[in-house]
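What follows is a single structure, written as structure tokens, with notes after it.
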Amino acid sequence: MLFEVIFQQRNIYKALQSAKLDHVILDCLNEMMLSTAHDKSDENVYRIYFKAGALYNVLLKWIQSDFAKSIDEMTKICLEVYHTPMSQE
């Protein structure tokens with residue numbers, strides 16, 4: 001769903017990136033993910049920031065590519081990365 005929202009509002013996200021204000025995307029991801037977390041322990045908060053940072057970089061790459069990959073492709077890529085342990089990369 002996130003990729004659909006970003007794509008529907010792609011002009012806004014491209015403008016943020018062009019204006020060097022793309023950190024706003026990260027701030028929103030952090031806020032959104034923290035607000036929906038049930039576990040607010042220190043360990044889980046770090047986990048949320050870790051995941052938000054990864055997603056932020058994926059979104060930036062997608063925006064920079066002018067949305068070259070489809071929403072379905074982006075979803076598939078993220079799910080594969082998410083389910084692959086770092087030790088196997």
Side-chain angles (χ1 to χ4, degrees):
M1 186 182 215
L2 178 64
F3 290 111
E4 290 177 24
V5 171
I6 299 290
F7 188 75
Q8 288 172 0
Q9 300 176 354
R10 62 190 170 276
N11 292 334
I12 293 169
Y13 290 96
K14 288 180 80 159
L16 285 170
Q17 193 173 53
S18 293
K20 305 286 189 220
L21 294 172
D22 46 19
H23 61 86
V24 172
I25 300 168
L26 180 58
D27 294 342
C28 289
L29 284 171
N30 287 333
E31 186 177 315
M32 177 186 65
M33 292 173 80
L34 285 169
S35 71
T36 60
H38 299 291
D39 178 0
K40 304 280 184 168
S41 66
D42 284 347
E43 182 179 332
N44 198 50
V45 168
Y46 280 107
R47 183 178 291 117
I48 289 167
Y49 276 93
F50 184 87
K51 291 178 181 180
L55 188 54
Y56 167 72
N57 278 301
V58 167
L59 291 173
L60 285 187
K61 179 67 177 163
W62 192 41
I63 295 165
Q64 289 169 351
S65 75
D66 201 24
F67 305 91
K69 299 218 178 275
S70 70
I71 293 166
D72 289 339
E73 289 172 310
M74 292 304 299
T75 302
K76 182 180 176 194
I77 289 167
C78 285
L79 287 173
E80 286 177 6
V81 169
Y82 185 76
H83 292 292
T84 304
M86 292 176 95
S87 61
Q88 293 182 4
E89 294 179 347

(message) Would you say Leu21 ends up clustered with Ile63 if hydrophobic residues are merged whenever their side chains have heavy atoms under 4.5 Å apart, either directly or through other cluster members?
(response) yes

(message) Working to the nearest 0.5 angstrom, can you tell me the gap between Glu80 CD and Thr75 OG1?
(response) 11.0 Å

(request) Can you measure from CE (Met32) to CD1 (Ile48) and round to the nearest 0.5 angstrom? (result) 10.5 Å

(request) Might you work through the side chain to side chain contact (heavy atoms under 4.5 Å, CB included) test for Phe67 and Met74, ending with a clear yes or no? (result) CA-CA 9 Å; Phe67 305 91; Met74 292 304 299; over 6 Å; no

(request) For Arg47, enumerate each residue passing the side-chain hydrogen bond (donor to acceptor under 3.5 Å, both in side chains) test, keeping only those at least two apart in sequence or located in another chain. (result) Glu43, Asn44

(message) Under the salt bridge (Lys or Arg N to Asp or Glu O under 4.0 Å) definition, can you give me all pairs with a residue in residues 17-41, not counting sequence neighbours?
(response) none

(message) Is there a side chain to side chain contact (heavy atoms under 4.5 Å, CB included) between Val81 and Val58? Walk through the geometry before answering.
(response) CA-CA 11 Å; Val81 169; Val58 167; over 6 Å; no

Ignoring hydrogens and angles, write down the donor-acceptor pairs under 3.5 Å from the side chains of residues 2-12, residues two or more places apart or on other chains.
from, atom 1, to, atom 2, distance (Å)
Arg10, NH1, Phe7, O, 2.7

(request) Specify the closest pair of heavy atoms between Asn30 and Ala52, including all atoms of both residues, with the distance to one decimal. (result) OD1-CB, 3.1 Å

(request) Return the set of residues passing side chain to side chain contact (heavy atoms under 4.5 Å, CB included) with Ser65 (not counting sequence neighbours), or none when no residue passes. (result) Trp62, Ala68

(message) Please report the interatomic distance CG(Leu55) to CG(Leu60), rounded to the nearest 0.5 Å.
(response) 10.0 Å

(request) Kindly write out the residues that satisfy side-chain hydrogen bond (donor to acceptor under 3.5 Å, both in side chains) with Ser70, not counting sequence neighbours, or none if the list is empty. (result) Glu73

(message) For Lys14, give me all partners under salt bridge (Lys or Arg N to Asp or Glu O under 4.0 Å), at least two apart in sequence or on another chain.
(response) Asp66

(request) To the nearest 0.5 angstrom, please state how far the CG atom of Leu29 sits from the OH atom of Tyr49. (result) 11.5 Å

